[in-house]
Q: 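Quick one: the structure is below, and I'll ask about it shortly.
Predicted model, so just to flag it, every value in this text is computed and none were measured. By convention here, the first residue in the shown sequence is residue 1.
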Amino acid sequence: MARTSRRGPYICGIDAGLDVVSGKWKGLILWELDAHRVRRFAQLRRGLPGVSEKMLTQHLREMEADGLVHRRVYAEVPPRVEYSLTEHGHTLNQALGPLGAWGVERIRREGSDMVDVAETSHGADAV
């Protein structure tokens, strides 16, 4: 798969990393795919309350081009498409783990509410 050209040159590694996960939904897509391994588009959409079809499609395309997400199309009628993380996507998700832990602590400290996503099994302590 061809690599997409990002903004670079970068100031530091954090700059390069944030370039790949920029936007509200990419980190959440990583989280959802890590928790469930394989998801169809509608399952991803249900697991991410508030994401529009257009935004989810755009982010999935960018993440596929960046080598983070694998898109598998089955030759069926109607077509079935499944998304999963690549090894590169798994390593990025692991790198975001400490940020997620920091965020959970922030939620607790500030007494913020969390969205209840009934279909997922992430729980309030998930990162």
Side-chain angles (χ1 to χ4, degrees):
M1 173 176 296
R3 292 248 181 235
T4 57
S5 174
R6 290 293 181 174
R7 286 181 229 121
Y10 297 108
I11 297 169
C12 63
I14 291 174
D15 186 20
L18 289 176
D19 192 23
V20 175
V21 293
S22 62
K24 176 179 180 176
W25 300 107
K26 288 184 182 178
L28 297 173
I29 292 167
L30 286 168
W31 174 66
E32 183 75 11
L33 289 175
D34 187 63
H36 295 283
R37 305 294 179 228
V38 176
R39 298 302 257 173
R40 294 178 71 176
F41 186 87
Q43 292 172 313
L44 277 171
R45 187 125 188 251
R46 280 191 302 270
L48 303 171
V51 69
S52 69
E53 185 173 325
K54 177 185 175 188
M55 191 56 59
L56 182 57
T57 299
Q58 178 183 328
H59 283 329
L60 286 169
R61 285 180 183 159
E62 289 173 6
M63 293 171 78
E64 183 182 10
D66 287 334
L68 303 173
V69 170
H70 174 71
R71 180 177 185 262
R72 183 172 181 186
V73 180
Y74 293 86
E76 300 173 353
V77 178
R80 178 171 48 124
V81 179
E82 293 180 342
Y83 296 91
S84 60
L85 290 181
T86 63
E87 185 58 36
H88 192 56
H90 281 292
T91 61
L92 176 57
N93 199 51
Q94 290 170 350
L96 292 174
L99 178 61
W102 183 90
V104 168
E105 180 55 35
R106 179 175 184 255
I107 290 167
R108 287 186 181 134
R109 184 180 63 249
E110 295 183 3
S112 299
D113 293 329
M114 288 187 66
V115 174
D116 180 25
V117 184
E119 184 182 338
T120 64
S121 60
H122 302 309
D125 294 326
V127 288

Q: Apply side chain to side chain contact (heavy atoms under 4.5 Å, CB included) to V77 and list each qualifying residue two or more places apart in sequence or on a separate chain.
A: none
Q: Which pair of non-hydrogen atoms, one from V69 and one from Y83, has the smallest distance, and what is that distance?
A: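 Closest heavy-atom pair between V69 and Y83: CG1-CD2, 3.8 Å.
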Q: Counting N and O atoms only, with roles assigned by atom type, does the side chain of T86 sit under 3.5 Å from a partner on the main chain of L68, one being a donor and the other an acceptor?
A: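 Yes; at least one donor-acceptor contact below 3.5 Å.
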Q: Any chance you could measure I107, atom CD1, to D113, atom CG, to the nearest 0.5 Å?
A: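 Answer for the CD1-CG pair, I107 versus D113, is 9.5 Å.
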Q: Holding to side chain to side chain donor-acceptor pair (under 3.5 Å), I want the full list of residues that pass it with E87, two or more places apart in sequence or in another chain.
A: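 With sequence neighbours excluded, E87 shows a side chain to side chain donor-acceptor pair (under 3.5 Å) to no residue whatsoever.
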Q: Measure the spacing between CD of Q43 and CG of L33 and express it to the nearest 0.5 Å.
A: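 So the CD of Q43 and the CG of L33 are separated by 10.0 Å.
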Q: Just to verify, what does R106 make a side chain to side chain donor-acceptor pair (under 3.5 Å) with, not counting sequence neighbours?
A: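 By the side chain to side chain donor-acceptor pair (under 3.5 Å) rule, R106 matches E110.
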Q: With sequence neighbours left out, what residues match L30 under side chain to side chain contact (heavy atoms under 4.5 Å, CB included)?
A: V21, M63, L85, L92, N93, L96
Q: Show me the pairs that pass salt bridge (Lys or Arg N to Asp or Glu O under 4.0 Å) and involve residues 94-103, at least two apart or across chains.
A: none
Q: Looking at R72, I want to see if its CZ is surrounded by more than 12 non-hydrogen atoms of other residues, nucleotides or ligands under 6.0 Å.
A: no
Q: According to a hydrophobic-cluster definition based on side-chain heavy atoms being under 4.5 Å apart (Ile, Leu, Val, Met, Phe, Trp, Tyr only), do V81 and L60 belong together?
A: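 Yes.
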Q: Does R37 have any salt bridge (charged side-chain N to carboxylate O under 4.0 Å, His left out) partners at least two apart in sequence or in another chain, and if so, which?
A: D34
Q: Out of R39, H36, H59, which one pairs with L44 under the side chain to side chain contact (heavy atoms under 4.5 Å, CB included) rule?
A: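 With L44 as partner, side chain to side chain contact (heavy atoms under 4.5 Å, CB included) holds for just one option, R39.
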Q: Considering residues at least two apart in sequence or located in another chain, which fulfil the side chain to side chain donor-acceptor pair (under 3.5 Å) criterion with E76?
A: R80
Q: Which pairs count as salt bridge (Lys or Arg N to Asp or Glu O under 4.0 Å) when at least one residue sits in residues 47-56, sequence neighbours excluded?
A: R45-E53
Q: With sequence neighbours excluded, tell me which residues meet side chain to side chain contact (heavy atoms under 4.5 Å, CB included) with I14.
A: C12, L18
Q: I'd like to know if the side chain of D19 reaches the main chain of D15, judged simply by a donor and an acceptor atom lying under 3.5 Å from each other, with no hydrogens or angles considered.
A: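 Checked: no pair found.
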Q: Which pairs pass salt bridge (Lys or Arg N to Asp or Glu O under 4.0 Å) with one or both residues in residues 90-104, sequence neighbours excluded?
A: none
Q: Should V51 and L28 be marked as a side chain to side chain contact (heavy atoms under 4.5 Å, CB included) after you check the CA-CA gap, both sets of side-chain angles, and the distance that decides it?
A: CA-CA 10 Å; V51 69; L28 297 173; over 6 Å; no
Q: For E105, what residues pass the salt bridge (charged side-chain N to carboxylate O under 4.0 Å, His left out) criterion, not counting sequence neighbours?
A: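 With neighbours one apart ignored, the set is empty.
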Q: Please name all residues satisfying side chain to side chain donor-acceptor pair (under 3.5 Å) with Q58, sequence neighbours left out, ordered by chain then number.
A: E62
Q: Is the shortest heavy-atom distance from the side chain of F41 to the side chain of E82 under 4.5 Å?
A: no
Q: Nearest 0.5 Å, please: how far is NZ in K24 from CE in M55?
A: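 M55 atom CE to K24 atom NZ measures 11.0 Å (nearest 0.5 Å).
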